[in-house]
Undergrad: 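Below is one structure. I have some questions about it.
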Amino acid sequence: MVTPGFAERLVEWQQVHGRHGLPWQGTSDAYRIWVSEIMLQQTQVTAVVPYYQRFMRSFPDVGSLASASEDHVLQHWSGLGYYARARNLRRAARLLMSEHGGVFPRTAAVIETLPGIGRSTAAAIAAFAFGESGAILDGNVKRVLARYFGVRGWPGDPRVQAVLWAHAESLMPGRDVGIYTQAQMDLGSLVCVRGRPRCGECPVRPDCVAHREQLTASIPGRPPKKVLPHRRAALLVCVHAGTVLLEKRPPTGVWGGLWSLPETDGNDAEAIKCIANRYGVSVADCEPLTSFEHGFTHFTLALEPWLVRVAAAAPATHEPGRMWLALDDAVGAALPAPIKRLLRSLARETGRLFSRA
DNA sequence: AATGCGGGGAC
DNA sequence: GTCCCAGCATT
(Lines give C-alpha, C1' and ligand atoms only; values in the text may rest on other atoms or scores of the structure.)
Protein backbone atom coordinates (compact mmCIF):
# COMPACT_ATOMS: atom_id res chain seq x y z
CA MET A 1 0.00 0.00 0.00
CA VAL A 2 1.53 3.22 -1.18
CA THR A 3 0.71 6.37 0.75
CA PRO A 4 -1.17 8.69 -1.59
CA GLY A 5 0.92 11.65 -2.65
CA PHE A 6 0.20 15.31 -2.22
CA ALA A 7 -1.38 15.73 -5.63
CA GLU A 8 -3.55 12.66 -5.42
CA ARG A 9 -4.94 13.75 -2.08
CA LEU A 10 -5.65 17.22 -3.38
CA VAL A 11 -7.41 15.93 -6.49
CA GLU A 12 -9.59 13.66 -4.41
CA TRP A 13 -10.37 16.49 -2.00
CA GLN A 14 -11.14 18.87 -4.85
CA GLN A 15 -13.87 16.67 -6.33
CA VAL A 16 -15.83 16.80 -3.07
CA HIS A 17 -14.90 20.06 -1.37
CA GLY A 18 -13.54 22.33 -4.09
CA ARG A 19 -15.30 25.17 -5.86
CA HIS A 20 -17.14 24.18 -9.00
CA GLY A 21 -19.77 26.76 -9.92
CA LEU A 22 -17.65 29.80 -10.75
CA PRO A 23 -18.50 31.57 -14.02
CA TRP A 24 -15.17 30.70 -15.68
CA GLN A 25 -15.34 27.03 -14.76
CA GLY A 26 -16.94 24.27 -16.76
CA THR A 27 -15.43 25.54 -20.00
CA SER A 28 -12.27 24.77 -21.91
CA ASP A 29 -12.51 28.03 -23.86
CA ALA A 30 -9.03 29.45 -23.45
CA TYR A 31 -10.30 32.98 -23.95
CA ARG A 32 -12.77 32.78 -21.09
CA ILE A 33 -10.17 31.16 -18.87
CA TRP A 34 -7.55 33.73 -19.82
CA VAL A 35 -9.78 36.69 -18.96
CA SER A 36 -10.61 35.14 -15.59
CA GLU A 37 -6.97 34.52 -14.76
CA ILE A 38 -6.04 38.11 -15.53
CA MET A 39 -8.90 39.52 -13.46
CA LEU A 40 -7.99 37.21 -10.60
CA GLN A 41 -4.41 38.44 -10.39
CA GLN A 42 -4.11 40.01 -6.94
CA THR A 43 -7.89 40.19 -6.79
CA GLN A 44 -10.29 38.06 -4.79
CA VAL A 45 -12.88 35.85 -6.41
CA THR A 46 -15.86 37.68 -4.92
CA ALA A 47 -14.63 40.98 -6.31
CA VAL A 48 -14.06 39.52 -9.77
CA VAL A 49 -17.34 37.73 -10.44
CA PRO A 50 -19.52 40.75 -11.38
CA TYR A 51 -16.73 42.31 -13.43
CA TYR A 52 -16.19 39.05 -15.25
CA GLN A 53 -19.85 38.64 -16.15
CA ARG A 54 -20.07 42.16 -17.54
CA PHE A 55 -16.78 41.85 -19.40
CA MET A 56 -17.77 38.59 -21.09
CA ARG A 57 -21.10 40.01 -22.17
CA SER A 58 -19.38 42.93 -23.89
CA PHE A 59 -16.33 41.04 -25.16
CA PRO A 60 -17.39 37.42 -25.71
CA ASP A 61 -14.37 36.45 -27.79
CA VAL A 62 -10.85 37.49 -28.73
CA GLY A 63 -12.00 39.34 -31.82
CA SER A 64 -14.46 41.55 -30.00
CA LEU A 65 -11.83 42.44 -27.41
CA ALA A 66 -9.21 43.15 -30.05
CA SER A 67 -11.48 45.51 -31.93
CA ALA A 68 -12.70 47.38 -28.85
CA SER A 69 -11.25 50.76 -27.94
CA GLU A 70 -8.93 50.94 -24.96
CA ASP A 71 -11.35 53.32 -23.32
CA HIS A 72 -14.19 50.84 -23.68
CA VAL A 73 -12.10 48.07 -22.15
CA LEU A 74 -11.03 50.31 -19.27
CA GLN A 75 -14.66 51.16 -18.59
CA HIS A 76 -15.18 47.51 -17.80
CA TRP A 77 -12.14 47.53 -15.52
CA SER A 78 -13.03 50.69 -13.63
CA GLY A 79 -12.93 49.90 -9.91
CA LEU A 80 -10.97 46.67 -10.29
CA GLY A 81 -7.51 48.21 -9.99
CA TYR A 82 -4.17 47.38 -11.58
CA TYR A 83 -5.30 48.88 -14.87
CA ALA A 84 -2.23 47.71 -16.77
CA ARG A 85 -3.96 44.33 -16.73
CA ALA A 86 -6.76 45.70 -18.91
CA ARG A 87 -4.41 47.46 -21.30
CA ASN A 88 -2.27 44.33 -21.62
CA LEU A 89 -5.35 42.18 -22.10
CA ARG A 90 -6.46 44.24 -25.06
CA ARG A 91 -2.93 44.43 -26.44
CA ALA A 92 -2.61 40.65 -26.20
CA ALA A 93 -5.95 40.19 -27.95
CA ARG A 94 -4.72 42.32 -30.83
CA LEU A 95 -1.52 40.30 -30.96
CA LEU A 96 -3.55 37.10 -31.05
CA MET A 97 -5.46 38.40 -34.06
CA SER A 98 -2.44 39.73 -35.93
CA GLU A 99 0.21 37.16 -35.05
CA HIS A 100 -1.68 33.99 -34.17
CA GLY A 101 -4.56 34.01 -36.59
CA GLY A 102 -7.03 34.63 -33.79
CA VAL A 103 -6.25 31.21 -32.31
CA PHE A 104 -5.21 31.01 -28.69
CA PRO A 105 -1.78 29.31 -28.39
CA ARG A 106 -1.93 25.82 -26.93
CA THR A 107 1.29 25.68 -24.93
CA ALA A 108 2.27 27.54 -21.79
CA ALA A 109 5.59 28.51 -23.34
CA VAL A 110 3.87 30.46 -26.10
CA ILE A 111 1.06 31.73 -23.88
CA GLU A 112 3.67 33.27 -21.59
CA THR A 113 4.97 35.46 -24.41
CA LEU A 114 1.71 37.45 -24.36
CA PRO A 115 1.71 40.73 -22.43
CA GLY A 116 0.31 40.46 -18.92
CA ILE A 117 0.86 36.71 -18.74
CA GLY A 118 3.70 35.42 -16.58
CA ARG A 119 4.83 31.96 -15.66
CA SER A 120 2.06 31.14 -13.21
CA THR A 121 -0.81 32.52 -15.25
CA ALA A 122 0.47 30.79 -18.40
CA ALA A 123 0.65 27.46 -16.62
CA ALA A 124 -2.84 27.88 -15.17
CA ILE A 125 -4.38 28.71 -18.54
CA ALA A 126 -2.58 25.82 -20.23
CA ALA A 127 -3.72 23.43 -17.51
CA PHE A 128 -7.37 24.50 -17.52
CA ALA A 129 -7.77 24.89 -21.26
CA PHE A 130 -5.47 22.21 -22.68
CA GLY A 131 -4.56 19.88 -19.83
CA GLU A 132 -0.90 20.77 -20.03
CA SER A 133 1.10 19.86 -16.95
CA GLY A 134 2.85 22.80 -15.29
CA ALA A 135 3.38 24.23 -11.84
CA ILE A 136 1.64 27.40 -10.70
CA LEU A 137 2.63 29.67 -7.83
CA ASP A 138 0.04 32.21 -6.78
CA GLY A 139 -0.73 33.54 -3.32
CA ASN A 140 -2.68 30.45 -2.36
CA VAL A 141 -0.06 27.97 -3.52
CA LYS A 142 2.71 29.93 -1.82
CA ARG A 143 0.90 29.67 1.49
CA VAL A 144 0.02 26.00 1.10
CA LEU A 145 3.51 24.93 0.07
CA ALA A 146 5.31 27.14 2.58
CA ARG A 147 3.35 25.46 5.35
CA TYR A 148 3.47 21.97 3.91
CA PHE A 149 7.25 22.05 3.54
CA GLY A 150 7.91 24.34 6.50
CA VAL A 151 9.49 27.05 4.36
CA ARG A 152 10.09 30.07 6.56
CA GLY A 153 10.49 33.62 5.43
CA TRP A 154 8.35 35.95 3.39
CA PRO A 155 7.13 34.31 0.15
CA GLY A 156 7.63 37.62 -1.64
CA ASP A 157 11.35 37.25 -1.11
CA PRO A 158 12.77 36.01 -4.43
CA ARG A 159 14.91 33.41 -2.66
CA VAL A 160 11.89 31.99 -0.84
CA GLN A 161 9.92 32.13 -4.05
CA ALA A 162 12.57 30.11 -5.86
CA VAL A 163 12.35 27.40 -3.21
CA LEU A 164 8.58 27.33 -3.51
CA TRP A 165 8.69 27.06 -7.30
CA ALA A 166 10.97 24.04 -6.95
CA HIS A 167 8.58 22.41 -4.50
CA ALA A 168 5.62 23.18 -6.76
CA GLU A 169 7.35 21.46 -9.66
CA SER A 170 8.31 18.46 -7.55
CA LEU A 171 4.68 17.79 -6.67
CA MET A 172 3.23 17.89 -10.21
CA PRO A 173 1.12 14.85 -10.96
CA GLY A 174 1.12 13.10 -14.31
CA ARG A 175 -2.65 13.35 -14.69
CA ASP A 176 -5.67 15.40 -13.64
CA VAL A 177 -3.58 18.55 -13.92
CA GLY A 178 -6.60 20.83 -14.36
CA ILE A 179 -8.28 19.49 -11.26
CA TYR A 180 -4.98 19.59 -9.38
CA THR A 181 -4.39 23.21 -10.37
CA GLN A 182 -7.83 24.20 -9.17
CA ALA A 183 -7.36 22.10 -6.03
CA GLN A 184 -4.29 24.04 -4.96
CA MET A 185 -6.12 27.33 -5.29
CA ASP A 186 -9.22 26.07 -3.51
CA LEU A 187 -7.29 24.46 -0.68
CA GLY A 188 -5.46 27.72 -0.13
CA SER A 189 -8.54 29.88 -0.20
CA LEU A 190 -10.94 27.56 1.66
CA VAL A 191 -8.82 25.55 4.12
CA CYS A 192 -5.21 26.71 4.30
CA VAL A 193 -6.21 30.32 4.91
CA ARG A 194 -3.90 32.95 6.34
CA GLY A 195 -5.50 33.25 9.78
CA ARG A 196 -6.93 30.22 11.62
CA PRO A 197 -6.38 27.57 8.94
CA ARG A 198 -8.89 24.72 9.09
CA CYS A 199 -6.30 21.99 9.49
CA GLY A 200 -9.01 19.57 10.58
CA GLU A 201 -10.33 19.64 7.02
CA CYS A 202 -6.98 19.42 5.28
CA PRO A 203 -6.27 16.35 3.16
CA VAL A 204 -2.49 16.66 3.55
CA ARG A 205 -2.32 17.53 7.23
CA PRO A 206 -0.45 14.31 8.18
CA ASP A 207 2.54 15.42 6.12
CA CYS A 208 2.37 19.15 6.80
CA VAL A 209 5.47 20.47 8.53
CA ALA A 210 3.83 23.65 9.78
CA HIS A 211 0.97 21.71 11.33
CA ARG A 212 3.27 19.15 12.93
CA GLU A 213 5.53 21.80 14.41
CA GLN A 214 2.72 24.28 15.17
CA LEU A 215 4.09 26.90 12.83
CA THR A 216 0.93 27.72 10.91
CA ALA A 217 0.75 31.10 12.62
CA SER A 218 4.28 32.08 11.61
CA ILE A 219 4.34 30.53 8.13
CA PRO A 220 4.14 32.15 5.69
CA GLY A 221 6.32 34.91 7.11
CA ARG A 222 5.27 38.54 6.93
CA PRO A 223 6.72 41.11 4.57
CA PRO A 224 8.97 43.76 6.07
CA LYS A 225 6.65 46.53 7.17
CA LYS A 226 7.38 49.95 5.88
CA VAL A 227 5.86 53.35 6.48
CA LEU A 228 3.85 54.50 3.51
CA PRO A 229 4.78 57.96 2.28
CA HIS A 230 2.04 60.56 2.22
CA ARG A 231 1.33 62.69 -0.79
CA ARG A 232 -1.30 65.30 -1.51
CA ALA A 233 -2.96 66.57 -4.64
CA ALA A 234 -5.71 69.03 -5.46
CA LEU A 235 -8.50 67.97 -7.80
CA LEU A 236 -10.34 70.41 -10.03
CA VAL A 237 -14.06 69.74 -10.12
CA CYS A 238 -15.05 72.10 -12.91
CA VAL A 239 -18.83 71.95 -13.23
CA HIS A 240 -20.83 73.52 -16.01
CA ALA A 241 -24.45 72.82 -16.88
CA GLY A 242 -24.49 69.53 -15.02
CA THR A 243 -21.25 68.32 -16.58
CA VAL A 244 -17.75 68.01 -15.20
CA LEU A 245 -14.39 68.42 -16.92
CA LEU A 246 -12.32 65.23 -17.14
CA GLU A 247 -8.78 64.67 -18.31
CA LYS A 248 -7.28 61.45 -19.63
CA ARG A 249 -4.35 60.30 -17.53
CA PRO A 250 -1.02 59.27 -19.05
CA PRO A 251 -0.86 55.67 -20.30
CA THR A 252 1.55 54.62 -17.55
CA GLY A 253 1.66 55.27 -13.83
CA VAL A 254 -1.14 55.43 -11.30
CA TRP A 255 -4.59 55.09 -12.88
CA GLY A 256 -2.87 54.83 -16.26
CA GLY A 257 -5.14 55.47 -19.22
CA LEU A 258 -8.16 56.27 -17.08
CA TRP A 259 -10.18 59.46 -17.12
CA SER A 260 -9.92 61.55 -13.99
CA LEU A 261 -10.27 65.06 -12.65
CA PRO A 262 -7.54 67.54 -13.54
CA GLU A 263 -4.91 67.28 -10.82
CA THR A 264 -2.51 69.90 -9.45
CA ASP A 265 -0.30 70.52 -6.44
CA GLY A 266 -1.82 73.98 -5.90
CA ASN A 267 -3.37 74.47 -2.48
CA ASP A 268 -5.30 77.72 -2.45
CA ALA A 269 -8.15 79.27 -4.38
CA GLU A 270 -5.89 81.52 -6.43
CA ALA A 271 -3.74 78.62 -7.60
CA ILE A 272 -6.83 76.61 -8.46
CA LYS A 273 -8.30 79.44 -10.51
CA CYS A 274 -5.00 79.85 -12.29
CA ILE A 275 -4.87 76.18 -13.23
CA ALA A 276 -8.51 76.19 -14.27
CA ASN A 277 -7.82 79.07 -16.61
CA ARG A 278 -5.07 77.02 -18.16
CA TYR A 279 -7.71 74.42 -19.01
CA GLY A 280 -9.65 77.07 -20.88
CA VAL A 281 -12.22 77.35 -18.12
CA SER A 282 -13.80 80.68 -17.29
CA VAL A 283 -14.08 80.59 -13.50
CA ALA A 284 -17.15 82.05 -11.83
CA ASP A 285 -16.12 81.07 -8.34
CA CYS A 286 -14.13 78.47 -6.49
CA GLU A 287 -14.54 76.71 -3.14
CA PRO A 288 -12.87 73.79 -1.36
CA LEU A 289 -14.85 70.55 -0.90
CA THR A 290 -14.31 67.90 1.75
CA SER A 291 -10.87 66.34 1.49
CA PHE A 292 -10.39 62.59 1.69
CA GLU A 293 -7.60 60.03 1.61
CA HIS A 294 -7.04 57.20 -0.78
CA GLY A 295 -4.63 54.38 -0.05
CA PHE A 296 -2.43 52.81 -2.69
CA THR A 297 -0.11 49.87 -2.23
CA HIS A 298 2.92 52.09 -1.96
CA PHE A 299 1.68 55.48 -0.73
CA THR A 300 -1.25 57.32 0.79
CA LEU A 301 -2.77 60.11 -1.24
CA ALA A 302 -4.67 62.99 0.36
CA LEU A 303 -7.05 64.39 -2.22
CA GLU A 304 -8.37 67.92 -1.92
CA PRO A 305 -11.19 68.53 -4.37
CA TRP A 306 -12.06 72.10 -5.34
CA LEU A 307 -15.43 72.99 -6.76
CA VAL A 308 -14.90 75.33 -9.69
CA ARG A 309 -18.10 76.89 -10.98
CA VAL A 310 -17.74 77.71 -14.63
CA ALA A 311 -19.19 80.83 -16.17
CA ALA A 312 -18.84 79.44 -19.68
CA ALA A 313 -16.96 76.56 -21.19
CA ALA A 314 -14.37 77.64 -23.71
CA PRO A 315 -14.11 75.86 -27.07
CA ALA A 316 -10.57 74.70 -26.26
CA THR A 317 -11.98 72.09 -23.89
CA HIS A 318 -12.81 69.72 -26.75
CA GLU A 319 -9.18 68.85 -27.30
CA PRO A 320 -8.28 65.16 -27.29
CA GLY A 321 -7.65 63.97 -23.75
CA ARG A 322 -10.29 66.24 -22.30
CA MET A 323 -14.04 65.95 -22.13
CA TRP A 324 -17.08 67.26 -20.34
CA LEU A 325 -19.03 64.40 -18.82
CA ALA A 326 -22.54 64.56 -17.44
CA LEU A 327 -22.31 63.95 -13.70
CA ASP A 328 -24.93 61.23 -14.02
CA ASP A 329 -22.74 59.35 -16.51
CA ALA A 330 -19.78 59.08 -14.17
CA VAL A 331 -20.86 55.63 -13.03
CA GLY A 332 -20.34 54.18 -16.51
CA ALA A 333 -17.06 55.86 -17.36
CA ALA A 334 -13.47 54.63 -17.10
CA LEU A 335 -12.76 56.43 -13.85
CA PRO A 336 -10.79 55.40 -10.76
CA ALA A 337 -13.01 54.20 -7.93
CA PRO A 338 -12.44 57.14 -5.55
CA ILE A 339 -13.08 59.67 -8.32
CA LYS A 340 -16.23 57.85 -9.26
CA ARG A 341 -17.39 57.98 -5.64
CA LEU A 342 -16.66 61.69 -5.45
CA LEU A 343 -18.61 62.43 -8.61
CA ARG A 344 -21.52 60.31 -7.50
CA SER A 345 -21.77 62.22 -4.26
CA LEU A 346 -21.59 65.50 -6.19
CA ALA A 347 -24.33 64.37 -8.52
CA ARG A 348 -26.58 63.88 -5.51
CA GLU A 349 -25.84 67.43 -4.39
CA THR A 350 -26.17 69.07 -7.76
CA GLY A 351 -29.01 71.27 -6.55
CA ARG A 352 -26.97 72.62 -3.68
CA LEU A 353 -23.90 73.10 -5.85
CA PHE A 354 -25.72 75.29 -8.33
CA SER A 355 -28.02 77.07 -5.93
CA ARG A 356 -25.40 79.69 -5.12
CA ALA A 357 -23.94 80.03 -8.58
C1' DA B 1 16.90 42.67 -7.13
C1' DA B 2 13.79 46.32 -6.22
C1' DT B 3 9.95 48.89 -7.27
C1' DG B 4 5.38 50.28 -9.36
C1' DC B 5 0.80 49.17 -9.77
C1' DG B 6 -5.75 49.34 -6.90
C1' DG B 7 -9.29 48.29 -4.68
C1' DG B 8 -11.92 45.77 -1.63
C1' DG B 9 -12.77 41.74 1.37
C1' DA B 10 -11.74 39.62 5.77
C1' DC B 11 -10.46 40.15 10.30
C1' DG C 1 -7.12 50.16 11.63
C1' DT C 2 -4.01 45.85 9.16
C1' DC C 3 -3.19 42.30 5.95
C1' DC C 4 -3.50 40.26 1.68
C1' DC C 5 -5.44 38.64 -2.55
C1' DA C 6 -5.61 33.09 -9.05
C1' DG C 7 1.25 38.49 -10.33
C1' DC C 8 3.46 40.91 -13.90
C1' DA C 9 6.22 44.60 -16.06
C1' DT C 10 9.76 47.69 -15.73
C1' DT C 11 14.11 49.38 -14.34
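Computed from a prediction, not measured in an experiment: that's the story for all the values here. Sequence lines set the chain letters: A, B, ... in the order given, protein chains first and strands last, and positions in each chain run from 1.
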Undergrad: Less than 4.0 angstrom between a side-chain N/O of A/His298 and OP1 or OP2 of B/dC5, yes or no?
TA: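 So the side-chain polar atoms of A/His298 do come within 4.0 Å of the phosphate oxygens OP1 or OP2 of B/dC5, strictly under.
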
Undergrad: P atom, B/dG8 versus C/dC8: distance in rounded Å?
TA: 23 Å

Undergrad: Could you state the CD1-P distance from A/Ile339 to B/dG6, rounded to the nearest angstrom?
TA: 13 Å

Undergrad: Across nucleotides 4-10 of chain C, 5' to 3', mark each nucleotide with B, S or - according to how protein heavy atoms within less than 4.0 Å reach it.
TA: SBBBSS-

Undergrad: Which whole-number value in Å describes the distance from A/Arg341 CZ to B/dG7 C1'?
TA: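 Atom CZ in A/Arg341 sits about 8 Å away from atom C1' in B/dG7.
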
Undergrad: What integer distance in Å separates A/Leu301:CG from B/dG7:C1'?
TA: 14 Å

Undergrad: Is it the case that the side chains of A/Thr121 and A/Gln41 hold a donor-acceptor pair, with the cut-off being a distance below 3.5 Å and no angle test?
TA: yes

Undergrad: Any ion pair linking A/Arg87 and A/Glu70 (charged N to carboxylate O, less than 4.0 Å)?
TA: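 Salt bridge absent between A/Glu70 and A/Arg87.
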
Undergrad: To the nearest Å, how far apart are A/Lys226 NZ and C/dT2 P?
TA: 15 Å

Undergrad: Give a yes-or-no answer on whether the side chains of A/Tyr180 and A/Gln14 include a donor-acceptor pair shorter than 3.5 Å.
TA: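 No, A/Gln14 and A/Tyr180 have no side-chain donor paired with an acceptor closer than 3.5 Å.
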
Undergrad: Distance check, C1' atoms only: B/dG7 and C/dT10, in whole angstrom units.
TA: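 It works out to 22 Å between them.
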
Undergrad: CZ of A/Phe292 versus P of B/dG6: gap in Å, rounded?
TA: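 My rounded result for the distance is 16 Å.
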
Undergrad: Between the main-chain N or O of A/Ile38 and the side-chain N or O of A/Arg85, is there a donor-acceptor pair closer than 3.5 Å?
TA: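 Present.
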
Undergrad: For A/Thr181, give me all partners under side-chain hydrogen bond (donor to acceptor under 3.5 Å, both in side chains), at least two apart in sequence or on another chain.
TA: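 Listed in chain order: nothing, the list is empty.
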
Undergrad: Between A/Trp255 and B/dG7, is there a contact of a side-chain N or O with OP1 or OP2 at under 4.0 Å?
TA: yes

Undergrad: Please measure how far the C1' atom in B/dC5 lies from the corresponding atom in C/dC4, and state the result in whole Å.
TA: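 Taking atom C1' in both B/dC5 and C/dC4, they lie 15 Å apart.
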
Undergrad: Can you see whether A/Trp165 has A/Arg119 sitting over its ring - NZ or CZ less than 6.0 Å from the centre and within 45° of the normal?
TA: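 The answer is yes, since A/Arg119 meets both limits relative to A/Trp165.
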
Undergrad: Check whether any side-chain nitrogen or oxygen of A/His294 sits under 4.0 Å from OP1 or OP2 of B/dG6, and answer yes or no.
TA: no

Undergrad: If you draw a 6.0 Å radius around CZ in A/Arg175, do more than 12 non-hydrogen atoms from other residues or ligands fall strictly inside?
TA: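 12 or below, so no.
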
Undergrad: Between A/Ala337 and A/Pro158, which residue's closest nucleotide on DNA chain B lies nearer the 5′ terminus?
TA: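 Nearer the 5' end of the strand: A/Pro158.
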
Undergrad: When the P atoms of C/dA6 and B/dT3 are compared, how many Å lie between them, rounded to an integer?
TA: 25 Å

Undergrad: Using whole Å, what does the distance between atom P of nucleotide B/dG7 and atom CE of A/Met39 come to?
TA: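 The distance from CE of A/Met39 to P of B/dG7 comes to 15 Å, rounded to the nearest Å.
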
